[in-house]
Amino acid sequence: MNGTVFLVGAGPGAPDLLTLRAARLLAQADIVFHDALVHPETLALAAPAIKIAVGKRSGKFSTAQRFINKQLIDAAGKYQTVVRLKGGDPMLFGRAQEEIDALINAGVPVEIVPGISAAFAASADLQCSLTRRALARSVVFATPREAAGSKHNDWAKAAAAADTAVLYMAAGEAQRVSDALIVSGVPPARPAVIVENASGTQRKIVPTTVGDLPAAAQHVGAGPALVMVGDVYADVDALNLNTDDLAALARISLR
Ligand code: SAH
């Protein structure tokens, strides 16, 4: 048997934010290796397939990347359609390259199916474009998270230079992120927003500034969250956007 491994983007959380190609592959899959955050309804699309959680969440149980690579290679020896389902888009902060390289080195055919990255889902929730005529024409995706053995990388400088910066894996380190951005020349008053659980029913939007990021981070929970920075976020109206607040308002008007 010489199966193909498909690295498939599962999207940001909402199960219907999935490509048709991803849905078709899930329906055909013999085996699915998935991240911890993938929605159960998305996995249900692969009803007959064997499902193996290989989720990596910071501070929680993590399956070593090398072991995941080996599992994918072994599965391709046994099954026709192997799906590796990753949150958001596989090609952004998803360690896709390690899997692609391992598969290619092992002679296993590999294909990638894009997904909606968290930055796009959060922008949709915010109803706020990453770019804006006359205000923002550059966007940086960056992370303060450093992998073991990574070469020095000045993510904060890149974020400071961009009109809009989207920081992945950053909300849990709000103090360090805020300090690093300010050291890199970002005015503390530059608008920022934290978006937790973008596209999800439990989404939470906390508008703030770069200087106040640590205080704002106290208001987000344990869900995945993005820190977004830029003048485009000057007028984010959280009251009208937070689903919790909308539910509260609906309750009030029912009384
Ligand atoms: N490949 C993924 C990113 C993986 S890194 C993508 O394209 O979206 C994991 C980080 O993504 C989390 O720490 C968080 O910063 C962000 N993230 C993932 N899903 C999210 C969501 N629904 N809402 C907000 N941030 C999210």
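Numbering of ligands and ligand atoms starts at 1, following listing order. Note that this is a predicted model, so its numbers are computed, not measured.
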May I have the list of side-chain donor-acceptor pairs in residues 16-33 shorter than 3.5 Å, sequence neighbours left out?
{"residue": "Thr19", "atom": "OG1", "partner": "Ala22", "partner atom": "N", "Å": "3.0"}
{"residue": "Asp30", "atom": "OD2", "partner": "Gln80", "partner atom": "N", "Å": "3.1"}
{"residue": "Asp30", "atom": "OD2", "partner": "Thr81", "partner atom": "N", "Å": "2.8"}

Show the atom names and distances, to 0.1 Å, of all donor-acceptor pairs under 3.5 Å that link a side chain in residues 170-177 to residues at least two apart or in another chain.
{"residue": "Glu173", "atom": "OE1", "partner": "Arg176", "partner atom": "NE", "Å": "2.8"}
{"residue": "Glu173", "atom": "OE1", "partner": "Arg176", "partner atom": "NH2", "Å": "2.8"}
{"residue": "Glu173", "atom": "OE2", "partner": "Arg176", "partner atom": "NH2", "Å": "3.4"}
{"residue": "Gln175", "atom": "NE2", "partner": "Asp179", "partner atom": "OD1", "Å": "3.2"}
{"residue": "Arg176", "atom": "NH2", "partner": "Pro144", "partner atom": "O", "Å": "2.9"}

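Protein neighbours of ligand 1 below 4.0 Å, counting non-hydrogen atoms: Pro12, Gly87, Gly88, Asp89, Leu92, Phe93, Ser117, Ala118, Tyr168, Met169, Val195, Asn197, Ala198, Pro224, Ala225, Leu226.
Residues Val5 and Glu99 form no side-chain contact, since every pair of their non-hydrogen atoms from C-beta on lies 4.5 Å or further apart.
Heavy atoms only, all atoms of each residue included: Glu98 and Asn69 are closest at O-ND2, 3.8 Å.
Asp74 and Lys78 are not joined by a salt bridge, as no carboxylate oxygen comes within less than 4.0 angstrom of a charged side-chain nitrogen.
For Phe93, the ring pair (Phe, Tyr, Trp, His ring centres under 6.0 Å) criterion is met by Tyr168, not counting sequence neighbours.
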